[in-house]
**Student:** 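One structure coming up, written as structure tokens, with questions to follow.
Remember, predicted model here, so these are calculated numbers, not experimental data. In what follows, every heavy atom counts, from backbone to side chain, and hydrogens, waters and symmetry copies are set aside.
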Amino acid sequence: MFKYFPTNYVWNLSVDLSIEMGARIGEIEDMCAPLQEAAKAPDAAGTQAFRETWIRMADKLASLADEDEASGRLLSAGDKLVRAANYMLTAERLQAHGSEGRRSLYQRLLESFAKGLKLSGSNCRRVEIPYEGTHLSALYVPAEGVEGAAPVLVQVNGLDSTKEMKYLVGLPGWLARRGVASLVVDQPGTGEALRLQGL
């Protein structure tokens with residue numbers, strides 16, 4: 001495992017996952033270099049510093065995406081917004097349940113992710129699946145180059161992962177190019193089901 005923070009396994013895992021989800025190594029360096037001492041601090045103080053640094057980069061990318069969108073550079077804007085969502089998601093996951101601002105940060109990352117997908121013309125859309133009087137949210141990635149019915153792989157999360165993470169790591173896109181659709185679900189205990197619906 002790539003170990004940016006030699007004394008902090010959880011942070012290393014988070015950084016590595018962000019890289020797998022499409023982080024830029026220069027942005028990782030900008031975010032993580034100032035955090036070497038914070039990585040050794042008690043959890044609450046350390047994770048607050050992590051959050052602030054990663055959100056600052058997400059804010060920068062969102063601002064640059066606004067400039068791109070205003071100039072008609074939609075693919076560039078979409079790419080920056082999806083990366084901003086990656087960084088917000090990475091910061092959000094490290095926060096304790098019930099942390100102040102965690103829910104609003106999660107909602108913001110969902111908005112950034114959705115707009116980024118739209119602007120970049122991604123082959124992915126959010127869907128809702130009826131579930132016990134409410135719904136489960138999911139990402140649907142249709143199979144490419146298939147006429148008629150196509151197989152679909154239903155993917156669910158584990159531990160504290162989310163549908164956005166599973167999408168950004170790449171499996172749904174790889175499957176789509178091979179004629180297999182994906183339905184990536186935030187089932188009870190994960191993602192939107194947990195954070196926004198209390199499921």
**Student:** Would you mind reporting whether Thr47 and Val10 have side-chain heavy atoms less than 4.5 Å apart?
**Tutor:**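 The answer is no; the side chains never approach within 4.5 Å.
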**Student:** Could you list who else is in Leu119's hydrophobic cluster, with ILVMFWY side chains joined at under 4.5 Å, directly or through other members?
**Tutor:** Leu74, Leu81
**Student:** Do any N or O atoms from the side chain of Thr134 and from the backbone of Tyr131 form a donor-acceptor pair under 3.5 angstrom?
**Tutor:**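 No; zero donor-acceptor contacts below 3.5 Å.
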**Student:** Has the side chain of Asp79 got a donor or acceptor atom that lies under 3.5 Å from a matching backbone atom of Leu75?
**Tutor:** no
**Student:** For Phe50, check ring-ring contact (aromatic ring centres under 6.0 Å, His included) against everything at least two apart and list the hits.
**Tutor:**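 ring-ring contact (aromatic ring centres under 6.0 Å, His included) list for Phe50, sorted by chain: Trp11, Trp54.
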**Student:** Less than 3.5 Å apart, any donor N or O on the side chain of Thr162 or Tyr106 sitting next to an acceptor on the other?
**Tutor:**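 There is no such pair (donor and acceptor under 3.5 Å, judged by atom type) between the side chains of Thr162 and Tyr106.
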**Student:** Whether the side chain of Asn12 engages the backbone of Phe5 through a donor-acceptor N/O pair (distance < 3.5 Å, no angle test) should be reported.
**Tutor:**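 It does hold such a pair.
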**Student:** Using a strict threshold of under 4.0 Å (side-chain N to carboxylate O), is an ion pair present between Lys115 and Glu69?
**Tutor:** yes
**Student:** Does Met57 reach the side chain of Thr53, with side-chain heavy atoms less than 4.5 Å apart?
**Tutor:** no
**Student:** Side-chain contact, heavy-atom cut-off 4.5 Å: His97 with Leu194?
**Tutor:**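 The answer is yes, as the side chains (C-beta and beyond) meet within the 4.5 Å cut-off.
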**Student:** Scan Gln187, Glu128, Glu192 and name whichever one has a side chain to side chain donor-acceptor pair (under 3.5 Å) with Ser137.
**Tutor:**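 The side chain to side chain donor-acceptor pair (under 3.5 Å) with Ser137 is passed solely by Glu192 among Gln187, Glu128, Glu192.
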**Student:** Do Arg51 and Leu94 have side chains that get closer than 4.5 Å, going by heavy atoms?
**Tutor:** no
**Student:** Measure the OH-CD distance between Tyr167 and Gln155 for me, rounded to the nearest 0.5 Å.
**Tutor:**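 Here the interatomic distance stands at 12.0 Å.
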**Student:** Going by the rule salt bridge (Lys or Arg N to Asp or Glu O under 4.0 Å), which residues pair with Asp66 if we only count those two or more places apart in sequence or in a different chain?
**Tutor:** none
**Student:** Identify whether the distance between the nearest side-chain nitrogen and carboxylate oxygen of Asp30 and Arg56 falls below 4.0 Å.
**Tutor:**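 No.
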**Student:** Where the side chain of Arg102 meets the backbone of Glu92, is there a donor-acceptor pair that is under 3.5 Å apart?
**Tutor:**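 Answer holds: yes.
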**Student:** Look at the side chain of Asn157 and the backbone N and O of Val185, then say whether any donor-acceptor pair between them is shorter than 3.5 Å.
**Tutor:**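 Present.
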**Student:** Considering all heavy atoms of both residues, which atom of Arg93 and which atom of Leu17 are nearest to each other, and what is their separation?
**Tutor:**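 Smallest interatomic distance, heavy atoms only, reads NH1-CD2, 3.7 Å.
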**Student:** Would you call Pro172 and Val184 a side-chain contact if the rule is heavy atoms closer than 4.5 Å?
**Tutor:** yes
